[in-house]
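Some notes on the structure that comes next.
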Amino acid sequence: MCGSELHALPEGVQRVARVLQDAAHPHAPVMLDGAARTAQEAADGLGVQLGQIAKSVIFKRKQDGLAVLVVASGDRRVDEKKVSALVGKIGRADADFVKAQTGFTIGGVSPVAHLNPPVTLLDQDLWRFDVVWAAAGHPHGVFQLQPEDLQRLTGAPVADVAQAEARTDEVTA
């Protein structure tokens, strides 16, 4: 990417593309024809396993109102008790909170390029895959990476934050 093609992309995708470019990440965001608001939609659109979708789930930390981002495998459900044990009590985040804190709408929250840096955790189950896909700042935008790239790009710790059983009905942020 040389930069000129960024202007045709939605603003959120442009922010993500700049962060990826600045980090010398080898894969630029791509726009899917269909929406990828859920992990299942993203997996279907990309033709990959559901677990390869690195979904971003946003919570609100109760003690200080900070955003907490959990990046989890698309075939796992985030265990709020495990997350709370690591970062303090959390609650659900509504669409207005997500947009104000991240700059992204629900269904397109990227793990990078947030307006306000969140407290971030990466679920260890992502490391089951060599390649994962994350939202790129828009419900149609995604980018490819390896779990190690996700850790390098976010600086976040890897933790066990998924429920024991697989659940796929959670909407990604």
Side-chain angles (χ1 to χ4, degrees), residues 1-59 67-78 92-118 120-123 125-126 128-154 156 166-173:
M1 265 193 167
C2 67
S4 62
E5 61 274 12
L6 290 181
H7 299 295
L9 297 172
E11 188 274 332
V13 180
Q14 289 181 40
R15 283 197 343 256
V16 172
R18 279 191 292 276
V19 167
L20 296 177
Q21 210 172 15
D22 291 348
H25 184 71
H27 303 286
V30 295
M31 298 300 285
L32 300 175
D33 291 334
R37 291 183 193 280
T38 66
Q40 188 64 62
E41 287 176 347
D44 292 347
L46 291 163
V48 299
Q49 294 177 52
L50 180 60
Q52 286 182 270
I53 303 304
K55 66 181 177 183
S56 295
V57 183
I58 299 287
F59 298 96
V68 175
L69 167 65
V70 178
V71 184
S73 190
D75 63 351
R76 300 291 192 253
R77 186 166 180 84
V78 175
R92 297 284 176 166
D94 64 20
D96 290 337
F97 177 82
V98 171
K99 180 70 172 177
Q101 292 300 306
T102 69
F104 305 120
T105 57
I106 289 178
V109 175
S110 175
V112 299
H114 290 231
L115 292 180
N116 300 297
T120 305
L121 297 171
L122 306 175
D123 188 63
D125 285 340
L126 288 164
R128 296 177 292 153
F129 302 98
D130 292 330
V131 173
V132 295
W133 291 82
H138 185 275
H140 290 255
V142 294
F143 68 98
Q144 180 182 333
L145 69 167
Q146 296 176 322
E148 296 79 18
D149 296 326
L150 190 59
Q151 190 172 25
R152 179 178 58 83
L153 290 166
T154 64
R167 294 275 306 272
T168 60
D169 59 347
E170 190 169 57
V171 175
T172 58

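- Heavy atoms only, all atoms of each residue included: A136 and P29 are closest at CB-CB, 3.7 Å.
- Residue L115 comes nearest to A100 through the heavy atom pair CD1-O, 4.2 Å, listed as atom of the first residue, atom of the second, then distance.
- Shown here is D130, whose CG atom has no more than 12 heavy atoms of other residues, nucleotides or ligands within 6.0 Å.
- Between the side chain of Q52 and the backbone N or O of A43 there is no donor-acceptor pair closer than 3.5 Å.
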task: Evaluate the side-chain contact (heavy atoms from CB on, under 4.5 Å) criterion for residues V142 and I53: first the C-alpha distance (whole Å), next the side-chain angles of each, then the deciding distance (0.1 Å), finally the verdict.
output: CA-CA 10 Å; V142 294; I53 303 304; over 6 Å; no
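- With sequence neighbours left out, A35 forms a side chain to side chain contact (heavy atoms under 4.5 Å, CB included) with R37, E41, H140.
- Every residue two or more places apart in sequence or in another chain was checked for a side-chain hydrogen bond (donor to acceptor under 3.5 Å, both in side chains) with T102, and none qualifies.
- Rounded to the nearest 0.5 Å, atoms CZ (R76) and CG (L50) are 9.5 Å apart.
- Side chain of S73 to backbone of G51: a donor-acceptor contact under 3.5 angstrom is found.
- Counting only residues at least two apart or on different chains, no salt bridge (charged side-chain N to carboxylate O under 4.0 Å, His left out) pair has a member in residues 20-36.
- Legend: residues meeting salt bridge (Lys or Arg N to Asp or Glu O under 4.0 Å) with E11, ordered by chain and number and at least two apart, are R15.
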- request: Using the side-chain contact (heavy atoms from CB on, under 4.5 Å) rule, take F59 and L121 through it: C-alpha gap first, then chi angles, then the decisive distance, then the call.
  value: CA-CA 11 Å; F59 298 96; L121 297 171; over 6 Å; no
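- The minimum heavy-atom distance between A72 and V78, with the atom names listed, is CB-CG2, 4.0 Å.
- Remark: side-chain polar atoms of S56 are paired, donor with acceptor, to backbone N or O of V109 under 3.5 angstrom.
- Under the side chain to side chain contact (heavy atoms under 4.5 Å, CB included) criterion, A134 pairs with A54, P111, F143, L145, not counting sequence neighbours.
- A search for side-chain hydrogen bond (donor to acceptor under 3.5 Å, both in side chains) contacts involving D44 returns Q40, not counting sequence neighbours.
- Considering every non-hydrogen atom in both Q151 and A156, the closest pair reads CG-O, 3.4 Å.
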- request: Could you check T154 against V71 for side-chain contact (heavy atoms from CB on, under 4.5 Å), going step by step and ending with a plain yes or no?
  value: CA-CA 10 Å; T154 64; V71 184; 5.7 Å; no
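- The CG atom of D96 sits 9.0 Å away from atom CD1 of I106, with the distance rounded to the nearest 0.5 Å.
- With D75 as reference, R128 is the one residue of K55, Q49, R128 to meet the side-chain hydrogen bond (donor to acceptor under 3.5 Å, both in side chains) rule.
- With sequence neighbours excluded, the residues satisfying side chain to side chain contact (heavy atoms under 4.5 Å, CB included) with P118 are A67, L69, H114, T120.
- Annotation: salt bridge (charged side-chain N to carboxylate O under 4.0 Å, His left out) contacts involving residues 131-153, sequence neighbours excluded, comprise D149-R152.
- Residues passing the side chain to side chain contact (heavy atoms under 4.5 Å, CB included) test with V19, sequence neighbours excluded: V112, A113.
- Closest heavy-atom contact between Q14 and L9: NE2-O, 2.6 Å.
- A 4.5 Å side-chain heavy-atom check between H27 and L20 finds every atom pair outside the cut-off.
- Without hydrogens or angle criteria, H25 side chain to Q144 main chain gives a donor-acceptor distance under 3.5 Å.
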task: Show your reasoning for whether side-chain contact (heavy atoms from CB on, under 4.5 Å) applies to I58 and Q101.
output: CA-CA 10 Å; I58 299 287; Q101 292 300 306; 6.0 Å; no
